[in-house]
Amino acid sequence: TGLVLHYLTSSEPSPFLFGRFDMPSLFHPGEIMIGGIFPVFNKEVSSTSTFAREPPGVKCAGFDLRAFRWTQVMIFAIEEINKDPALLPNISLGYRILNSCASPTNALRAALTLASRPEETEFNSSCPPTISAVIAASGSSQSLAVAGTVGPFQVPIVSYFSTCACLSDRAKYPTFFRTIPSDYFQAKALAALVKHFGWQWIGAIQSDNDYGRNGILSFTEEVKKLGVCIAFVGTILRTYSMDKILDVVEMIRRSTVKVILAFVPEGDFYPLMKEVVKQNITGIQWIASEAWITAARPSTPEIYQAFGGALGFVMQKMTMPKLRPFLTNISPYTDPSAAFVKDFWEIMVGCRPVLPEEHRMGKICTGNETLMNSQHAFFDVTQLRVTYNVYKAVYAIAHALHQLIFCKPAGQKPVRPCLNITCLSFQVTDHLQRVNFRNEFGDDVFFDENGDPPASYDIINWQLRNGQVQHVTLGHFASAANGDFRLNIQEEKIVWRTGKRVPTSVCSNVCPVGTRKAQIKGKPTCCFDCIPCADGTIANSTGAADCTPCPQEYWSNERKDECIPKTTEFLRYHEPMGIALTVVSLLGASLSLVTMMVFIHYRETPVIKASNSELSCFLLFSLFLCFLCPLTFMGKPTVWTCMLRHTAFGVTFALCISCVLGKTIVVVTAFKATIPGNKVAGKFGPAQQRIIVCSCTMIQILICVLWLKFKPPFPDMVFRYSNKKIVLECNTGSEAAFYAVLGYIGILAIICLVLAFLARKLPDNFNEAKFITFSMLIFCAVWITFIPAYISSPGKFTVAVEIFAILSSAFGLLSSIFAPKCYIILVKPEKNTKKHNISMLNVMNFASLKLSGSFRARKAITKHMQARMPMYPRTHQKPTSEPVTHSMMMVALW
């Protein structure tokens, strides 16, 4: 490290060389150099330093054919560019490719080696051809090390397989670019896949490096928005001991999850895969990151036993026909000093090449071996993904260099350099950011502001065909122009490890309709109980988090999955209570009419004459209307019926009580008229009686008119009585007006009661004042008890109470005042004579004469009274001699 810093920062023309890392490389000189770091060997062999001597060089094991192909496609692309007259004409590109051993520390060594002066460069060069750009690395942790070391010196790094979203941070890594989408997009793709199949309870396996940790972190953030829970997160690494790997296997075995995401590079995941197969853990649907879903090593029938049907996302594949001849021409005899080629040849051919100055044990090649007819997967160029990313990275750097050197994009003429090519590295980054071209395969190559390419993935499904594991493309995931993402998947073609049906993975079964989720304390949000919705709320979809309240006019059904209209309640004609009240109402009205007909038919009889037939008929007519009033209280309330029922009730009862009041006043004045010197009785004739009835009724009518004008009654829906039904009733509009109507009727009734009570001791044969007193007592008792019953009765019973009060008071008046007379007329006609009714007849006739104002009558009465009973009117003392009775006096007058 000290070597590089000294070289890059010192102004001395000849810095002192402390030493070099001993790293094998693929090298080809050029006017402009491009570096490459690839995990040709995928595992670093650890060694112990004794500090007694210089540490030995790094040793790596596990030759990776896929990574070696990446190195070859870089060389292939550079050779294509050097032959292209339109791209960097007359300028040769060179390369230096090193091995990272899939290790961040070795990747750092490789980066420092690339950043230092090449061994072939002379020290007296003012600006030697150092690396202008680096294509690295295969893992996010390695890229973080490389970008953090080389980036500050403005050397651009283009990665082909590092997906950590953390590398998009332009503040930390301003020179980092990549041709593979960021894990930010892959996390969204994986979350969309989980959402599509409804998986809510999944496990996760991460690699113990930046790639795995940041990938699972991004994925967790995305799925939490969808309500998905992570049951566990297992951590593995290729250098872990078997005990740690077995701990993760046991975690998988004990878990109830049926879907597991493995966000792990293939090299780290393969040991765990073998152990899962060994312990026969099946029935799990695996979701793969792009790092292992298309890897060749695990794609075997043996691994398929546990991982068959795996789903994952990879970059779009590409076919590169020209690459196959290049790969089949690889030979250790072409350049015996080329690194890695001998290892590749030994794997492909199965023998060691015969090279000068080499003495290796094992089978020796004859020199006639060839790769031209090999069917190895290494030479399959029809489904290239990461390889194609390397190819695009080389061309992106070439186009940036072309724009920098020729000051115009490739393809424009004339082509003439505008910049000295000896010192380029500090300017390549800006031009790489502005690269935008379409390659020969029709792909647009460009980078966004974070150095990321456009997000686009294929959905891969592991399927076993003809004994071979195939990576079948069954869908696509891509970013849309508006920033959203589209997931297209051919679900019917997917081969599931669990069978033909889509596997389910939930901690708790989805709550059925009519229930809601109830979180279980201490467990993830995906683990819950299902609680039935409360009355009045519903859940009409499965898995509802909360129950939705029904609108005010609706109520939940028994299953709590639908809001149904509440039943409406009002006093109907056809229900038992309505029928009974209707019958009683019509019965009362009929009795009123029958009584009126009886009175009209027997109007010349003493009983009818004695009871003031005109007021009696008015009273019977008003009672008839009172009995009909309850009919307006039944049925569905409307605007008109609400206004009619209260006003009709108030006016008819005011008329009724006014008639009773008139009868009471007549009785009292008639009795008082028999007392000489009483002049008050002269003021109450038939005309005055009519005026009393009309004026008392008109006051009530005026109250009702004001009521209807300002705050009339209206139909209303009442919800307070019951949750399951709506009570339809008439709102009084104005409580004050309603109680004013009742109060006025009460005042009239109290006046009647007081007057009738004062006249209760009339002669025994005339008991009408007693009957009026009794009827008013009934009336007042009914309406006094009505008020608390009216207030406390719920729903339609409020109307029933009001109807009962109307009918009770009307029957009280009808029975108390008219039943005795009808009894005499119809049952005891022998009592309907002058003899039995002489007292009342005399009083009424006498009162009539006095009220008529006849001078002859008044004179005769006065003379007779003075002669027969001089002291009675004044002292009310019993006369010394037997007084002339009212009957005798009225008979004489008659």
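FYI, side chains are in, hydrogens and waters are out, and symmetry mates aren't considered; it's all heavy atoms of this structure.
For F340, the ring-ring contact (aromatic ring centres under 6.0 Å, His included) test picks out no residue, with sequence neighbours left out. The ring-ring contact (aromatic ring centres under 6.0 Å, His included) check on W199 picks up F197, with sequence neighbours excluded. The side-chain hydrogen bond (donor to acceptor under 3.5 Å, both in side chains) check on S100 picks up nothing, with sequence neighbours excluded. Judged as a side chain to side chain contact (heavy atoms under 4.5 Å, CB included), and not counting sequence neighbours, N488 has no contacts. With sequence neighbours excluded, the residues that form a ring-ring contact (aromatic ring centres under 6.0 Å, His included) with Y160 are F38, W70. Looking at residues two or more places apart in sequence or on another chain, you find no ring-ring contact (aromatic ring centres under 6.0 Å, His included) involving F185.
Residues E491 and H196 bring a donor and an acceptor atom of their side chains to less than 3.5 Å of each other. For the residue pair D452 / Y184, no side-chain donor-acceptor distance below 3.5 Å is found, with atom types taken as modelled. Counted by atom type alone, Y395 and E80 present one or more donor-acceptor pairs between their side chains at under 3.5 Å. Counting only N and O atoms by type, the side chains of Y388 and N439 include a donor and acceptor under 3.5 Å apart.
Taking the charged nitrogens against the carboxylate oxygens, R213 and D208 do have a contact shorter than 4.0 Å, which makes a salt bridge. A salt bridge is absent between E221 and K224; no separation between the charged side-chain nitrogens and carboxylate oxygens falls under 4.0 Å.
Using the six-membered ring where Trp is involved, F307 and F269 have ring planes that are perpendicular, over 60° apart on the 30 and 60° scheme.
Note that CZ of R69 and CD1 of I330 are 10.5 Å apart. Values are rounded to the nearest 0.5 Å.
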